[in-house]
Structures are given as structure tokens and as C-alpha cells.
A.B. asks: 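Below: one structure in C-alpha cells.
So you know, we letter chains A, B, ... as the sequences are listed, proteins then strands, and number each from 1. Just so it is clear, the values below take in all heavy atoms, side chains as well, and ignore hydrogens, waters and symmetry mates. It should be emphasised that the depicted structure is a prediction, and the values quoted were computed from it without experimental measurement.
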There are 2 protein chains.
Amino acid sequence: MASDRPYSSIIERLKNAGLRPTRQRLALAKLLFEKGNRHLTAEHLHGEASAANVRISLATVYNALHQFTAAGLLREVVVEPGRSYFDTNVEEHHHFYREDTCGLEDIPGEHLQVGDLPAPPAGTSVTRVDVVIRVKSDQGST
Amino acid sequence: MASDRPYSSIIERLKNAGLRPTRQRLALAKLLFEKGNRHLTAEHLHGEASAANVRISLATVYNALHQFTAAGLLREVVVEPGRSYFDTNVEEHHHFYREDTCGLEDIPGEHLQVGDLPAPPAGTSVTRVDVVIRVKSDQGST
DNA sequence: TTATTTTCTAGAATCGTTCTAAGCTATTGA
DNA sequence: TCAATAGCTTAGAACGATTCTAGAAAATAA
Ligand SMILES: [Mn+2]
Ligand SMILES: [Mn+2]
Ligand SMILES: [Zn+2]
Ligand SMILES: [Zn+2]
């Protein structure tokens with residue numbers, strides 16, 4: 001049963017991506033993929049690992065996040081300078097960004113349509129369309 | 001005539017923003033606003049100033065860009081971590097981002113419609129909607 | 001096993017940006 | 001006209017996120 005092999009599907013995912021299923025990568029994958037959709041910075045994930053008593057260097061967290069992103073297990077989202085969010089939801093979708101709390105939230109794909117795209121510049125093709133709806137708290141708090 | 005007072009409208013714009021029309025700010029405004037729509041980083045603008053023999057520190061370029069942005073003369077756009085673009089087009093519009101050359105280009109506002117926005121999270125209101133269409137060169141070059 | 005390859009890591013380095021504190025400049029109003 | 005004042009500029013240090021380095025450790029192959 002799956003409960004007897006809690007890592008088996010993650011191990012397969014890593015192997016399919018050409019990544020050895022090391023202790024560090026398994027621990028990060030568990031933190032990332034077993035809690036629903038998440039939008040995390042490298043430093044935040046490193047903090048979660050520490051809190052879970054997983055000793056891992058920050059450099060390894062960055063390495064793993066970029067490797068997972070290259071493998072299509074994560075997606076990188078940029079909404080402000082100097083900080084990247086890694087998104088466990090790799091389906092097509094867009095985001096709300098709360099400017100006051102610096103939090104990212106998904107907008108389900110079917111709830112936002114971008115009308116016909118204009119033709120991209122000659123010689124180029126579209127790799128992704130990112131829509132970010134920036135919001136702020138009403139009044140000055142929350 | 002306007003040609004006799006090439007700086008007069010820029011001076012007015014700065015004064016209206018509560019900014020003294022200093023040598024540095026006038027030179028930057030001239031570089032920014034007299035060449036059509038531009039999307040520049042602070043370092044790029046600093047380089048243009050140097051090339052035009054305007055001696056100005058990088059800190060002053062950053063200060064001026066943020067002041068101009070606060071005054072509504074510029075808009076800040078983020079498309080990748082660790083770098084901000086300042087956009088001289090403050091009309092509502094969206095962007096193509098060429099991932100290979102790191103160049104930003106305007107999409108005229110009327111050429112891209114974002115269908116009805118979903119309701120923002122409770123207690124928040126929308127400050128801006130940013131659409132970035134990421135493109136890459138066909139084949140491996142430019 | 002042992003050899004080979006990949007991965008991990010501490011710490012240094014880098015990069016864009018912001019801060020600091022001291023000197024300059026534009027503006028004001030006597 | 002010219003201090004006095006408030007605002008501005010600057011070099012360089014500091015910063016925070018990220019990347020690099022190079023040697024040690026772990027995973028896999030032989
Ligand atoms: Mn990255
Ligand atoms: Mn800024
Ligand atoms: Zn998301
Ligand atoms: Zn633009």
C-alpha cells in the first residue's frame with residue numbers, strides 16, 4: 001500500500017527528472033508537495049526544513065528549487081525585485097499579490113481569461129503568460 | 001517659443017511633484033522623456049548619463065527614479081528577480097518580455113484585454129493588473 | 001567492493017539596491 | 001543681496017537574496 005511506501009512516488013518523480021533521490025531532496029519534496037498548493041521563497045523553505053529538523057544548507061535549497069523548476073515540478077514567479085517565489089502549482093493559472101503582506105495566492109485558471117494575445121515580436125514565440133493582480137488592504141491595516 | 005526654453009515643461013513637472021529642478025534631475029528627465037517610451041534599469045540610465053557627460057552618482061539615479069515613480073512620471077515593472085525596469089509609459093498597458101535579451105516591450109493597451117477580473121480577496125482592492133507575455137527567440141539565437 | 005559520478009556544504013563572493021553621514025545647492029525672505 | 005534653511009547629492013559602506021567555490025560525503029555503477 002501507498003502508506004507503506006510514503007516516498008515511492010516522490011522517488012519516481014526525482015528519478016524521472018534525472019535527479020538522485022537524496023535525503024535532502026526527499027525532505028524538500030515532502031515539505032513542498034504534501035501540503036497543497038504553496039508559494040514559497042527559498043529562505044522560507046529552508047526555515048521549514050530547519051523547523052522539521054532536516055539539516056540542509058541554503059545553497060542546497062536553492063539548487064533543489066532550481067532543479068525541480070527545470071524538471072517541471074515547480075514554477076518560479078517574480079512579483080517584486082530581489083525575491084523569487086516557487087509555486088507548487090504548475091497548472092496554467094494566475095495570481096493575486098498582496099502588496100502589504102507580500103503573499104501570493106492562486107487565481108484558478110478558469111476564473112481569468114486573457115483575450116486574444118497580440119502576435120509576439122517577429123522571430124519569437126510565447127513561453128508563458130503571467131497575470132498578476134496586485135491588491136492592497138482596504139484602509140491602512142490587516 | 002518652446003525651443004527657447006527646452007526645460008520649461010520638465011521644470012514644471014518636477015515642481016508640481018514637489019521636487020527641486022536640480023541639474024541631475026533635469027538631465028535624467030531629459031534622457032528619460034525625450035526619446036519616446038523607454039524601459040530602463042537604473043544602471044542602464046546611469047550609463048546613459050555618463051555617456052552624455054553628465055556626472056551623477058548611482059545613488060542619485062535610484063533616488064530620482066523612485067521619486068519620479070512616486071510622482072506618477074514613471075512606473076516600475078518587475079519581470080525577473082534582482083532587477084527593476086522603469087517605464088516611461090504610465091498609461092495602462094502590458095508587456096512582452098524577451099527572455100533571451102532581457103528586453104521589455106509595450107503591448108498597446110487596446111491590444112490585450114483581460115476578461116472580467118475575479119473578486120479580490122476580502123478586504124482588499126486592486127491596485128494594478130500586470131500582464132507579461134514572456135517570449136523567446138525561435139531556434140537558439142537572435 | 002571499489003571506482004565513478006553526482007551531490008552537498010560552509011563560507012566567500014557577487015549583484016542590484018539601499019543606507020549613511022557629510023558636503024553642496026536651490027530657495028526664501030530679511 | 002545674501003545669509004539661513006531645507007532639500008539634494010555623493011562616496012562608500014552595508015544589505016539581502018542569490019550564486020559560486022572547491023573539497024567532503026553520498027549514491028550509483030562496475
Ligand atoms: Mn532562478
Ligand atoms: Mn523600488
Ligand atoms: Zn500559483
Ligand atoms: Zn511599458
A.B. asks: Can you measure B:H46 atom NE2 to C:dT17 atom P for me and round it to whole angstrom units?
C.D. replies: 13 Å
A.B. asks: In whole angstrom, give the distance that lies between atom CD of A:E43 and atom C1' of D:dT18.
C.D. replies: 9 Å
A.B. asks: Ion pair present between B:R134 and B:D100, side-chain N to carboxylate O less than 4.0 angstrom?
C.D. replies: no
A.B. asks: Look at the side-chain N and O atoms of B:Y62 and state whether any lies under 4.0 Å from the OP1 or OP2 oxygen of C:dT17.
C.D. replies: yes
A.B. asks: Which part of the nucleic acid, if any, lies within contact of A:T22, taking any heavy atom under 4.0 Å across all strands shown: a base, the sugar-phosphate backbone alone, or nothing?
C.D. replies: sugar-phosphate
A.B. asks: Atom CZ of A:R23 and atom P of D:dA25: how far apart are they, to the nearest Å?
C.D. replies: 13 Å
A.B. asks: Decide, yes or no, whether a salt bridge links A:R38 with A:D87 under the criterion of side-chain N to carboxylate O below 4.0 Å.
C.D. replies: no
A.B. asks: Is the phosphate of C:dT17, meaning OP1 or OP2, less than 4.0 Å from a side-chain N or O of B:H66?
C.D. replies: no
A.B. asks: What is the distance, to the nearest angstrom, from the CG atom on A:L45 to the C1' atom on D:dT18?
C.D. replies: 15 Å
A.B. asks: Can you check whether B:E105 reaches B:H95 side chain to side chain, under 4.5 Å on heavy atoms?
C.D. replies: no
A.B. asks: Pick the nucleotide of DNA chain D nearest each of B:R20 and A:A42; which residue has the one closer to the 5' end?
C.D. replies: B:R20
A.B. asks: So which one's nearest nucleotide on DNA chain C is more toward 5', A:N63 or B:L58?
C.D. replies: A:N63
A.B. asks: Please report, rounded to the nearest Å, how far the P atom of C:dC15 is from the CZ atom of B:R83.
C.D. replies: 12 Å
A.B. asks: Whole-Å distance between C:dT17 P and B:F86 CZ?
C.D. replies: 7 Å
A.B. asks: Is there a side-chain polar atom (N or O) of B:Q24 under 4.0 Å from OP1 or OP2 of C:dC24?
C.D. replies: no
A.B. asks: Kindly say if B:R25 contacts the phosphate of D:dT9, meaning a side-chain N or O under 4.0 Å from OP1 or OP2.
C.D. replies: yes
A.B. asks: Rounded to the nearest Å, what distance is computed from the CG atom of residue B:L40 to the C1' atom of nucleotide C:dG16?
C.D. replies: 16 Å
A.B. asks: Please give, in whole Å, the distance from C:dT27 P to B:I11 CD1?
C.D. replies: 9 Å
A.B. asks: Is a side-chain N or O of B:H66 found less than 3.5 angstrom from the main chain of B:A64, in a donor-acceptor match?
C.D. replies: no
A.B. asks: Does OP1 or OP2 of D:dT9 have a side-chain N or O of B:S57 closer than 4.0 Å?
C.D. replies: no
A.B. asks: Are side-chain heavy atoms of B:V135 and A:T127 found at a separation under 4.5 Å?
C.D. replies: no
